[in-house]
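On a predicted model such as this, the values are computed, not experimentally measured, just so you know.
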Amino acid sequence: MVRSDPKTGEEVSTIAHFGSKNHKLIGTDDTEETQGIMREKMLKSFSEYQRRGSGWRLRRVTQLEIHIGEFRPLRGKKHEPLPKSIADKKAIINMKNDDDECFKWAVTRALNPTNTHPERITKELKRQSEELDWEGTEFPTPINGIKRFEKNNNTGINVFGADERLEVYPLRLSEKSDPIRLFLWKNHYSVVKDMSRLVGSQTPGTMLEQRLPKTRISKTRKHHKIRKLRKDTRIPNYHLRRL
């Protein structure tokens, strides 16, 4: 970047850096659109830089870097024992599956509770799972793949995890009412049967969900898109994580 010094009239230069945010690509169809978004972000940053320092002009681009990394979303897998401090709360049904379909068994159990060995994958549980629509649901199931199941079955699903201090925080919140609550630990889904017990001395379960920042999904109604935003609210005792 160059400009003329208003006092001496001499040309001065500086090196400016502009970058874009990280973007997730799933398949090649999104590449062109994503590149356009990244380019617009850099051009906007360039314009703002010019406004802050009057008279700056672009001389040349000396370097352009594109960094690509493999995206590995969280997804459910085979049975995984819970940490003792969490298991002792008796707030979670930890499904004892020997396959990669813990999401299926956890959801089915949440919808069909029982007091007799609820953690077992029984013939009855398998039959009950067949009453649900699993079309398009991937196994093992990544968190970002849950939306498809919700749409197919008109059922909301909230997912919670625990940090290194074993404090509970949300990984995913549904826009649907009366959602199922799942717990994801080391890529294994379990059923939350008692949210109050699970969070313990933290913010009570229902408040934990209600006080989180939410963005309503755009819905088409009478050809108008309605978008509702809830203002950001900070939650004590844990940090929200971007997935």
S.K.: Could you state the interatomic distance from CZ (Phe183) to CG (Leu171), rounded to the nearest 0.5 Å?
M.R.: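 Here the rounded value is 8.5 Å.
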
S.K.: Would you please name every residue forming a salt bridge (Lys or Arg N to Asp or Glu O under 4.0 Å) with Asp88, sequence neighbours left out?
M.R.: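 For Asp88 the salt bridge (Lys or Arg N to Asp or Glu O under 4.0 Å) partners, ignoring immediate neighbours, are Lys84.
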
S.K.: Is it the case that one hydrophobic cluster holds both Leu43 and Met38, taking links as side-chain heavy atoms less than 4.5 Å apart, direct or via other members?
M.R.: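 They do not share one cluster, since no chain of ILVMFWY contacts under 4.5 Å joins Leu43 to Met38.
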
S.K.: As an exercise, state the distance from CD1 of Ile86 to CH2 of Trp185, rounded to the nearest 0.5 Å.
M.R.: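 Between atom CD1 of Ile86 and atom CH2 of Trp185 there are 5.5 Å.
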
S.K.: Applying the side-chain hydrogen bond (donor to acceptor under 3.5 Å, both in side chains) criterion to Trp105, which one of Asn97, Thr122, Asp99 satisfies it?
M.R.: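 In the set Asn97, Thr122, Asp99, the residue that makes a side-chain hydrogen bond (donor to acceptor under 3.5 Å, both in side chains) with Trp105 is Asp99.
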
S.K.: Filter on salt bridge (Lys or Arg N to Asp or Glu O under 4.0 Å), then keep only pairs touching residues 149-158, sequence neighbours left out; what's left?
M.R.: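 For residues 149-158: Glu150-Arg172.
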
S.K.: Please, which pairs that meet salt bridge (Lys or Arg N to Asp or Glu O under 4.0 Å) have at least one residue in residues 121-136, sequence neighbours excluded?
M.R.: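 As it turns out, the salt bridge (Lys or Arg N to Asp or Glu O under 4.0 Å) pairs with a partner in residues 121-136, which skip direct neighbours, are Glu124-Arg127, Arg127-Glu131.
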
S.K.: Is the ring pair Phe103/Trp134 parallel, tilted or perpendicular, if the boundaries are 30 and 60 degrees?
M.R.: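 If you compare the ring of Phe103 with that of Trp134, the planes turn out perpendicular.
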
S.K.: Among all residues two or more places apart in sequence or in another chain, which pass the side-chain hydrogen bond (donor to acceptor under 3.5 Å, both in side chains) test with Asn154?
M.R.: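 With neighbours one apart ignored, the set is Lys176.
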
S.K.: Side chains of residues 106-114: which donor-acceptor pairs under 3.5 Å do they make with residues two or more places apart or in other chains?
M.R.:
{"unit_1": "Thr108", "atom_1": "OG1", "unit_2": "Lys104", "atom_2": "O", "d": "2.7"}
{"unit_1": "Arg109", "atom_1": "NE", "unit_2": "Pro118", "atom_2": "O", "d": "2.8"}
{"unit_1": "Arg109", "atom_1": "NH1", "unit_2": "Asn112", "atom_2": "O", "d": "2.7"}
{"unit_1": "Asn112", "atom_1": "ND2", "unit_2": "Thr108", "atom_2": "O", "d": "2.9"}
{"unit_1": "Thr114", "atom_1": "OG1", "unit_2": "Thr116", "atom_2": "N", "d": "3.3"}

S.K.: Keeping to residues at least two apart or across chains, list the salt bridge (Lys or Arg N to Asp or Glu O under 4.0 Å) pairs with something in residues 187-197.
M.R.: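 Listed once each, the pairs are Asp194-Arg197.
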
S.K.: Between His188 and Met95 (side chain of the first, backbone of the second, donor and acceptor by atom type, cut-off under 3.5 Å), is there such a pair?
M.R.: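 At least one qualifying donor-acceptor pair exists.
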
S.K.: Quick check: does any side chain N or O of Asn158 sit under 3.5 Å from a backbone N or O of Ser174, one acting as donor and the other as acceptor?
M.R.: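 Flag set: sc Asn158 to bb Ser174 pair under 3.5 Å.
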
S.K.: Heavy-atom count check: over 12 atoms from other residues, nucleotides or ligands less than 6.0 Å from Lys96 NZ?
M.R.: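 Atom NZ in Lys96 is not packed in, count stays at 12 or less.
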
